[in-house]
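Below, chains carry the letters A, B, ... as their sequence lines are ordered, and counting in each starts from 1.
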There are 2 protein chains.
Amino acid sequence: MAEQQRGDTGALPKSTLADVARLAGVSIATASKALNKKTHVREETRRRVEEAASSLDFTPNFFAKALNSTRTNTIGMITSDLDNRFVLPILLGAEDAFGSGSLSVLLADARDDVLREQLLVQTLLTRRVDGLLIVGRTTNSRPPATVPGDVPVVYVYAPSDDDTDTSFTPDNVMAGRLAAERLLKAGRTRIALVNGEASYAAARDRAEGVAQAMEEARIPLVGGKSLFGQWGEGWGRDCARLLASAHSDLDGIVAGSDHIARGVIDALREEGRRVPDDVSVVGFDNWDILVRESRPPLTSVDMNLDDLGRSAAQALVDAIDGRPRTGRHVEPVRLVVRES
Amino acid sequence: MAEQQRGDTGALPKSTLADVARLAGVSIATASKALNKKTHVREETRRRVEEAASSLDFTPNFFAKALNSTRTNTIGMITSDLDNRFVLPILLGAEDAFGSGSLSVLLADARDDVLREQLLVQTLLTRRVDGLLIVGRTTNSRPPATVPGDVPVVYVYAPSDDDTDTSFTPDNVMAGRLAAERLLKAGRTRIALVNGEASYAAARDRAEGVAQAMEEARIPLVGGKSLFGQWGEGWGRDCARLLASAHSDLDGIVAGSDHIARGVIDALREEGRRVPDDVSVVGFDNWDILVRESRPPLTSVDMNLDDLGRSAAQALVDAIDGRPRTGRHVEPVRLVVRES
DNA sequence: GTTCCTACCGAAACCGCTTTCGGTTTTGAT
DNA sequence: ATCAAAACCGAAAGCGGTTTCGGTAGGAAC
């Protein structure tokens, strides 16, 4: 009998702070303080207010709150991720970085278009987001977005050109090292690098890491250097076939991506080379659908995107709280050993 | 000289409607009306106000606006999509369904957990979203979320159990038909269906569609019925191998997914059957990375997720505008012919 | 019995905008 | 020139909270 159904629309009663105050027999001001654990309110009064609030299942009006007080507990996330691989891990990271339920994420897709991105920044700022997470499509660095004012921005995956910005990007050099070292430790000495497109920083960085590891081991790369090509399976196949026929002693291949690795493995098998007995293969990305079902299952370097997202989100939270952690953060990756 | 830099924080000047009104020499009320193209305001007055507004680059305070007026131009999107395939297409659809920039999407991940989903619904309602888009992980139908009040909800991919809700789901029966018909039209008569897990509505529906097409053609399925298994390449390989050795006249395979199809194709090739010369193969999902680089490139049924998302988003917009389109909408899919 | 603190509480201003409603001009017709 | 109707405009009342600041009551100190 306490609550009245309002019509038959099932609309929620929407009690306001005034209702709570009235029910608790205090002023609105006191009710507000009581619920916000602020200034001294007698313990008993607070209890009364809280009871009143919960009995009316009072939910403070988000917008009224936001009207006074700069924080909105909302962050904006602008993505340009085409194949859809980063958004959710990063979202999860962000959600975890806050207490559950407290923070919300406004997601928008820039479609890899600078103008559109700029527009989205505006829109999000209008909605008074506390901070911005800008997710790139590649690890190539990019011009910083122009974000007026003091809104913190964290770049993820694609770092900002400006090193005084805050960026989080996976350590592709380390990835290259891990891949090469894996093969070296397994005693392989005739190792080739079938890489992706040279226009990608990821490809170049991985090449760099591989080169470092090989130099330290004083073993030259088969073919002398990174073999840049395309990202697809086709390139992996073609290149592996050439390598196999040119170098009968080939015993290891670092592939620039899992995709390429799939091609490499298939070609090797068809050329009569056993994987991993004759030639061992390592890929990058640890992309589930590619890695798990290849024959044999592919050893791959996982770029730890979840952690990357979480770290970035955490950094954004910190920045919002006034503890900025500027600079380009290059996050560690990890090798996932499978049978290849 | 008009704008003053406020300190060196670079904080934006944040002009308010009052500033605009003052500059234009009108009252706040008039300024408001002028900018909102509402009641009659003299054309010249409107101009003055608009000039003032743009010279101060006035942006209305989102929260103040939201405080009076139920609409917030924000929708909530709750996903449980694990492999990350639907979120962006649907997001794009939603963004397109509105004028660009006008609407924002609050994204949250339910992690396939009913309790968490319920929590998120609450959180989003607190933020007064105009509507809710609930994206499932499979096409299996699901119990409706309990959304108090009159907030419109549209289910995407996974339809609600309750047919008076609004759901959008791809037409997997049609998909099955298209796949089978493609093979039949190519003159194939010894066709098998290597399907995914029977616990998935998608698998069962596709089987249903294939069965319909075969019946109409009065041609039985090799093996007599859908061969349910798992979704992976491994199952595709194993099953294709068995089929190939048991049925030398086999000339067509419908695979339950592109993933399975990849396995099927690889196995067939290794069994010495040429694709498509000896056996033609069709997959489902048209998942770029799987389809394009298989040998030969795979003919596949595209589930039109972009359109699905767009339609769902549009329906949500309509519902918000008071034109609900309840029911389970089964959206068409399309065949993408490649070489297999 | 004053005086002075202290701890609580509440009136009222305010955040920035929308909207109602009454007052003032303009306009148009007579 | 006169007057009603139409067109504009602005004061003020919200929307639902937070926050300042002054008022009270009760107790300790004198």
Tell me which nucleotide among [options] gets nearest to the side chain of [X].
X: A/N61; options: C/dT19, D/dG16, C/dA11; answer: D/dG16
X: A/T45; options: D/dG16, C/dC9, C/dT19; answer: C/dC9
X: A/L67; options: C/dC15, C/dC17, D/dT18; answer: C/dC15
X: B/A29; options: D/dA12, C/dC14, C/dC9; answer: D/dA12
X: B/N68; options: C/dC17, D/dC9, D/dG16; answer: C/dC17
X: B/P60; options: D/dT18, C/dG10, C/dC17; answer: C/dC17

Report task. Check whether any side-chain heavy atom of A/E50 lies under 4.5 Å from a side-chain heavy atom of A/L35, and answer yes or no. Result ->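 Counting from C-beta outward, A/E50 and A/L35 do come under 4.5 Å.
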Expressed as a whole number of angstroms, how long is the span from [X]:[atom1] to [N]:[atom2]?
X: A/D19; N: D/dC15; atom1: CG; atom2: P; answer: 11 Å
X: A/R48; N: C/dC9; atom1: CZ; atom2: C1'; answer: 11 Å
X: B/E44; N: D/dA7; atom1: CD; atom2: P; answer: 18 Å
X: B/F63; N: C/dC17; atom1: CZ; atom2: C1'; answer: 13 Å
X: A/R128; N: C/dC17; atom1: CZ; atom2: C1'; answer: 12 Å
X: A/I28; N: C/dA12; atom1: CD1; atom2: P; answer: 12 Å
X: A/L17; N: C/dC15; atom1: CG; atom2: C1'; answer: 15 Å
X: A/N36; N: D/dT19; atom1: CG; atom2: P; answer: 7 Å

Query raised in the report: Where does the angle between the aromatic ring planes of A/H329 and A/F168 fall among parallel (under 30°), tilted (30 to 60°) and perpendicular (over 60°)?
Result: parallel
Do the side-chain N and O atoms of [X] and [Y] include a donor-acceptor pair separated by under 3.5 angstrom?
X: A/T164; Y: A/D162; value: yes
X: B/T169; Y: B/E331; value: no
X: B/S104; Y: A/R127; value: yes

Would one find a side-chain N or O of [X] under 4.0 angstrom from OP1 or OP2 of [N]?
X: B/R42; N: D/dA7; answer: no
X: A/S32; N: D/dT18; answer: yes
X: A/T30; N: C/dG10; answer: yes
X: B/K65; N: C/dT18; answer: yes

Requested in this report: Look at all strands and tell whether A/F62 reaches a base, only sugar-phosphate, or nothing, counting heavy atoms closer than 4.0 Å.
Outcome: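 Nothing, no nucleic acid heavy atom in range.
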Query - N/O donor-acceptor pair, side chain A/K33 with base D/dG17, under 3.5 angstrom - result: no
